[in-house]
There are 2 protein chains.
Amino acid sequence: MEPHEPDLTAVPVTSVLAALADDVRLQIVRALAEGGESACGSFDFGVSKATRSHHLKVLREAGLTRTRAAGTSRLVRLRRDELDKLYPGLLDAVLTQRPPA
Amino acid sequence: MEPHEPDLTAVPVTSVLAALADDVRLQIVRALAEGGESACGSFDFGVSKATRSHHLKVLREAGLTRTRAAGTSRLVRLRRDELDKLYPGLLDAVLTQRPPA
DNA sequence: ACCCTTGTTCGACAATCATCGAACAACACC
DNA sequence: GGTGTTGTTCGATGATTGTCGAACAAGGGT
C-alpha cells in the first residue's frame, strides 16, 4: 500500500486549508513543528487510535506530512520546506499560538 | 439584524481556515482582494443566490469580511489589514494563483 | 401604489466528515 | 510459535456542510 504522498503542487489549496482546519490535526501539526519527526502514537489528543490514524492520513494526503516505517512504529514529519516554498507564511501564520487577548 | 462581524482575535484559527477551505469562498476572497469592495451580486460563480448568501455569511462570521448596506445592495470588503496583522502571510499565501506546473 | 432588483432566511436533501469499536496486519521480542 | 505493541482498515453512526427552490424583506424607480 503506497503511502499516498502527493506532489504538493498537485494538491488544491482548499485541500491544504481543509487539512489544517481541524483542531486535532492542527495540534498534530504544531507538535510536529516543535518536536520534529515523531511516531504516530506520540500524538495523544483525546481521540482513539482509529481517529488519529484517520487524521494522519488526511494530513499525508494533503501533502503536509511524510511517513516512513520504523520497526513497528511509523515516523511522521512535516514537509515544512516544501510548504514554506509553495505557501510562504502559511505555516507560520497558523502555527503560532495566539494569546487569548 | 446585526451582521455578526466578530472580533478576529475571538475567532478560532480553524474557523478562519475552514472559511477559506472552499472553492467558491476562495474565489470570492480572491475577487475581493483584486476588486476591493463589491456588491454581493458581483460574485457569480455558478451557484444560486441562496448559496452565495450562505458563503458570504460564513466569510463574515469567520471575521474575513465586513458588510454594509448600500441602497438595495450590500457591499462586502475584505478585512485585509486585520488579517495581515493577526495572520501575516496567510492571505498572501492563499491568494496567489498557482501555475498548474 | 406597483413592480423590479437585491439579498436573506427557511426547510429539505445529499454528501462529506469526525468519531468509535472491532478486526486485521506487521513487526519485535522472548 | 506465541505474545504484545503499533497502526491501519472496515463498517456504522451522528453531526456538519454545500446546495437548491421558494418565500420573505427592504429599497428604488416609474
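In what follows, every chain begins at residue 1, and chains take the letters A, B, ... in the order their sequences are listed.
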Value in whole Å for how far the P atom of C/dA18 lies from CG of A/Asp22: 5 Å
Backbone N/O of A/Ala18 and side chain of A/Arg25: donor-acceptor pair under 3.5 Å: yes
Rounded interatomic separation in angstrom, taking CG from A/Leu26 and P from C/dA18: 12 Å
A/Leu75 CG to D/dT5 P, straight-line distance once rounded to whole Å: 19 Å
Interatomic distance, A/Leu59 CG vs C/dC17 P [rounded to whole Å]: 14 Å
Whether A/Thr72 side chain and A/Ala70 backbone form a donor-acceptor pair below 3.5 Å: no
Closest contact, heavy atoms only, B/Val47 versus B/Arg52: CG2-N, 4.1 Å
Heavy-atom closest pair, residues A/Leu20 and B/Thr14: O-CG2, 4.2 Å
Interface residues of residues 46-57 of chain A with DNA chain D (non-hydrogen, below 4.0 angstrom): A/Lys49, A/Ala50, A/Ser53
Test side-chain hydrogen bond (donor to acceptor under 3.5 Å, both in side chains) applied to B/Glu5 and B/Arg66, B/Arg68, B/Arg60, B/Arg79, the passing residue: B/Arg66
Atom pair distance, as rounded to whole Å: CZ in A/Arg68 and C1' in D/dT6: 16 Å
Touch class at under 4.0 angstrom, heavy-atom based, for B/Ala69 against every strand present: nothing
Integer-rounded Å distance: C/dC17 C1' and A/Leu20 CG: 16 Å
Residue B/Thr72, side-chain atoms from C-beta onward, closest of D/dT6, D/dA26, D/dG18: D/dA26
B/Arg60, nearest nucleotide to its side chain (from D/dT8, D/dG18, C/dT8): C/dT8
Contact pattern, 5' to 3', of nucleotides 11-16 of chain C - B, S or - by protein heavy atom under 4.0 Å: ------
Side chain proximity check, A/Leu56 to A/Ile28, heavy atoms < 4.5 angstrom: yes
Distance-minimising heavy-atom pair for B/Leu8 and B/Ala62: CD2-O, 3.9 Å
Minimum heavy-atom distance B/Glu61-B/Val11, with the two atoms named: O-CG2, 4.3 Å
Any B/Ser73 side-chain nitrogen or oxygen under 4.0 Å from OP1 or OP2 of D/dG27: no
Length of the line joining A/Phe45:CZ and C/dA18:P, which is rounded to integer Å: 16 Å
Nucleotide D/dA15, atom P - distance to CG of A/Asp23 in whole Å: 19 Å
A/Thr96 side chain vs A/Val94 backbone, donor-acceptor pair below 3.5 Å: no
